[in-house]
Colleague: 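Supplied in structure tokens, the structure appears directly below.
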Amino acid sequence: MTESPPPSASSEPVEPGCTSGLSVLDPPGFHGPAPAPAAAGQPSAGRPEGTDRRPEDAAGTAPAPGAPDTAAPASTGVQDRLAGRLSDFASLHEHTERLARARGLAATLDAVLASGTALLGADRALLVTVLPGGGPSQPLGLGLDRASLGALETVPADQSLVARLLREHDRPAEVRSHDLAEDPAIGARLRELAGQLGLGGCYGLPLATEEDGPLAAALWFYDAPADPTDRRRELARRYSEVAAPLLAKQLDAEKVRRTTEALRRGLLPDRLPQPGGLRLAARLVPAGLDRSCGSDWYDAIPLPDGTVGLTVGSVSGDGPGAGPGSAPGAAAAMGRVRAALRAYAVLEGEDPVSVLGDLELLLKTTEPTRSATAVYAWVEPEERRVTLAGAGHCPPVLVTRYGAEFVETSLSAPLGMLSCWEAPGVEFTAERGDTLILYTEGLARRFGQTLHSGQADLRRAAADAPRDVRTDPERLCAHLLAAAAERDADRRERADRRAAGQDPGDRDGGAAPRRSTAQAPATDDLMLLAARFE
């Protein structure tokens, strides 16, 4: 096992041909500045004594015609070295460009693993980042399955190559082993795992910056005993120097995103009540605040008389048409609106029209640049009686033993859009075993290209769900989210085919089409609340 000490901070320029950095050689035919004339009786600088003159100087004339050209092999060697260096630059540029185009932490880590593997000619790879509170994260692998990664996590810290690369102090610049299974410097547990997993040679680098310290450790493995060449090691080191600051930015962004999402989820219920006669389930897939155009809420409010208030809604940004830049403010406004709605539900929850009317007045008074859509349902679980009203929101879906149908609320504008909001309520009685589904616009838009077609496809997906799924609100929510993702992937696959000039019905000679797993970043939250009458 070889550990290279960290490079010393030297300000001296790197000489051409030095292995500590990529160098550009003089092109063929360019010999650089002429050496300074030597003093009488002294050899010329830069040449061994007795060879300070060119052959033609020794004879006083140029080489005779037909004599062998001794400069040709030297020129060819320079050209080969220059071509090799240019190839290195091109390869390094290609991989750093790919890294720069990566969006998000996961894509950046994948790029580091894949590019390092290609530059080193390795077969498999492992990467571990440093958690915000310190300590290693779950490993990410390339060519290593989950079981292999789990086994490598059992290596004690004093034997772990990852732990060495993540040291705050005395951190090696690289680690190398020609054969992990036979290396006496490797601990017994790591040697054992190397033999079991078929790991041969190993090369590792830390990804660190002067400001942040160690950010991640990357290990690349060969399937047989091997060492990367000096040239490959140099390329990997140069690549890691570019990757480290980019990774630092992605880790900072991920930390902010996780903190923001935690605060955002804290504005929503941490659990749902389970009153007698009613089973509740909810799902939320929030869009990132860097892309979101609003913020959605859901709630189930136990009321003093034993009834329950159910609500979902969405607050847009700084007024109609607001973009992603206003999403954090919309999330904060969503928390305020939801808190106010809970208060109005406790005071007058049996009258949904009054609840939404009060909410609209509050919104216009305290949030004049925002608008909101909402639906509020007052539910008597024992009698299975439901009274609801909607404000510019998607109509709820009632899933019965016969299928699924919309609960048509009256057409009305969103809250805060008109001088005065008013809409009649709707009352109906559900059967035992029916499930009422409230959802927001983001889910419907994942089902179809338009809001109207998406709502229709959502209703069909609920109606076509297997019976055992329809009887369980948790499974029904999961089924609808999975169906939305599948419809969205199919729609994007057809769009890709049309853009490529292919017939969407072309099955490549009868073979099943390759399903696209790429998902466009969502700009709306995906949210639904299901209530089953027992």
Side-chain angles (χ1 to χ4, degrees), residues 269 271-285 296 298-300 302 307-312 375-388 390 393-409 426-449 451-491 493 512-513 515 517 519 525-534:
R271 62 182 181 85
L272 291 173
Q274 297 296 337
L278 200 64
R279 288 176 59 195
L280 300 176
R283 289 293 188 277
L284 166 63
V285 182
D296 296 358
Y298 70 92
D299 208 350
T307 59
V308 180
L310 304 178
T311 177
V312 297
V375 62
Y376 174 79
W378 180 64
V379 180
E380 291 181 293
E382 297 298 329
E383 300 181 9
R384 300 185 298 281
R385 186 158 62 95
V386 181
T387 304
L388 60 83
H393 203 79
C394 299
V397 173
L398 183 65
V399 182
T400 70
R401 69 185 68 181
Y402 308 107
E405 59 186 18
F406 289 116
V407 179
E408 295 291 350
T409 58
V426 177
E427 184 174 339
F428 67 93
T429 300
E431 298 292 333
R432 193 180 304 276
D434 290 353
T435 301
L436 180 65
I437 299 175
L438 310 179
Y439 57 97
T440 55
E441 184 176 314
L443 180 64
R445 291 195 180 278
R446 279 288 171 131
F447 269 97
Q449 289 184 321
L451 180 60
H452 180 74
S453 65
Q455 291 171 353
D457 287 346
L458 170 62
R459 183 195 64 79
R460 281 192 291 269
D464 295 341
R467 185 179 182 279
D468 58 336
V469 171
R470 284 186 287 139
T471 57
D472 186 343
E474 289 284 352
R475 296 181 63 185
L476 182 59
C477 287
H479 171 79
L480 292 176
L481 285 183
E486 183 177 1
R487 300 290 177 86
D488 188 53
D490 285 340
R491 187 172 67 253
E493 182 180 2
R515 183 176 303 280
T517 58
Q519 298 289 328
D525 297 339
L526 276 66
M527 184 177 294
L528 72 160
L529 175 65
R532 175 178 167 81
F533 296 92
E534 298 288 276

Colleague: CZ of Arg384 to CZ of Arg432: how many Å apart, nearest 0.5 Å?
Modeller: 4.5 Å

Colleague: Leu310 pairs by side-chain contact (heavy atoms from CB on, under 4.5 Å) with which of Leu272, Val379, Leu388?
Modeller: Val379

Colleague: Do any side-chain atoms of residues 526-534 form donor-acceptor pairs under 3.5 angstrom with protein atoms, and if so which ones, sequence neighbours left out?
Modeller:
residue: Arg532; atom: NE; partner: Thr471; partner atom: O; Å: 3.1
residue: Arg532; atom: NE; partner: Glu534; partner atom: OE2; Å: 3.0
residue: Arg532; atom: NH1; partner: Gly433; partner atom: O; Å: 2.6

Colleague: Between Glu427 and Arg385, is the closest basic N to carboxylate O distance under 4.0 Å?
Modeller: yes

Colleague: Answer whether the closest heavy-atom distance between the side chains of Phe428 and Asp434 falls below 4.5 Å.
Modeller: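 When only atoms from C-beta onward are counted, Asp434 and Phe428 do not touch, as no gap falls below 4.5 Å.
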
Colleague: Hey, are the side chains of Glu380 and Thr387 touching, using non-hydrogen atoms and a 4.5 Å cut-off?
Modeller: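 In short, these two side chains do not touch, never coming nearer than 4.5 Å.
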
Colleague: Short question: side chain of His393, backbone of Tyr439 - any donor-acceptor pair under 3.5 Å?
Modeller: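 Yes, because the side chain of His393 sits within donor-acceptor range (under 3.5 Å) of the backbone of Tyr439.
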
Colleague: Any side-chain heavy atom of Ile437 sitting closer than 4.5 Å to one from Leu480?
Modeller: yes

Colleague: Closest approach of Gly309 and Tyr376, non-hydrogen atoms and distance?
Modeller: CA-OH, 3.7 Å

Colleague: Would you compute the distance between atom CZ of Arg459 and atom CG of Asp464 and round it to the nearest 0.5 angstrom?
Modeller: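 Separation between the atoms: 8.5 Å.
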
Colleague: I need the Leu443 CG to Arg283 CZ distance, nearest 0.5 Å.
Modeller: 12.0 Å

Colleague: Evaluate the side-chain proximity of Val312 to Cys394: yes if any heavy-atom separation is below 4.5 Å, no if none is.
Modeller: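 They are not in contact (no side-chain heavy atoms under 4.5 Å apart), so the answer is no.
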
Colleague: If every non-hydrogen atom of Arg470 is compared with every non-hydrogen atom of Ala462, which pair is closest and at what distance?
Modeller: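 Here Arg470 and Ala462 meet closest at CD-O, 3.5 Å.
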
Colleague: Residues in side chain to side chain donor-acceptor pair (under 3.5 Å) with Gln455, at least two apart?
Modeller: none

Colleague: Rounded at 0.5 Å granularity, tell me how far CD in Gln274 sits from CG in Leu280.
Modeller: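 So the gap between those two atoms works out to 5.0 Å.
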
Colleague: Could you tell me which non-hydrogen atom of Asp299 sits nearest to which non-hydrogen atom of Pro269, and how far apart they are?
Modeller: OD1-CG, 3.4 Å

Colleague: If you take all heavy atoms of Pro302 and Ala300, which pair is closest and at what distance?
Modeller: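 Shortest heavy-atom separation between Pro302 and Ala300 comes out as CD-O, 3.5 Å.
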
Colleague: How far does CG of Leu476 sit from CG of Leu481, to the nearest 0.5 angstrom?
Modeller: 10.0 Å

Colleague: How close do Thr311 and Leu438 get, counting heavy atoms only, and between which atoms?
Modeller: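 Scanning both residues completely, I find the closest heavy atoms to be N-CD1, 4.2 Å.
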
Colleague: List the steps and the verdict of side chain to side chain contact (heavy atoms under 4.5 Å, CB included) for Val386 and Trp378.
Modeller: CA-CA 6 Å; Val386 181; Trp378 180 64; over 6 Å; no

Colleague: Is any side-chain heavy atom of Glu431 closer than 4.5 Å to a side-chain heavy atom of Thr400?
Modeller: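 A side-chain contact is absent here, since even the closest heavy-atom pair is not under 4.5 Å.
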
Colleague: Considering all heavy atoms of both residues, which atom of Phe447 and which atom of Gly454 are nearest to each other, and what is their separation?
Modeller: CB-O, 3.4 Å

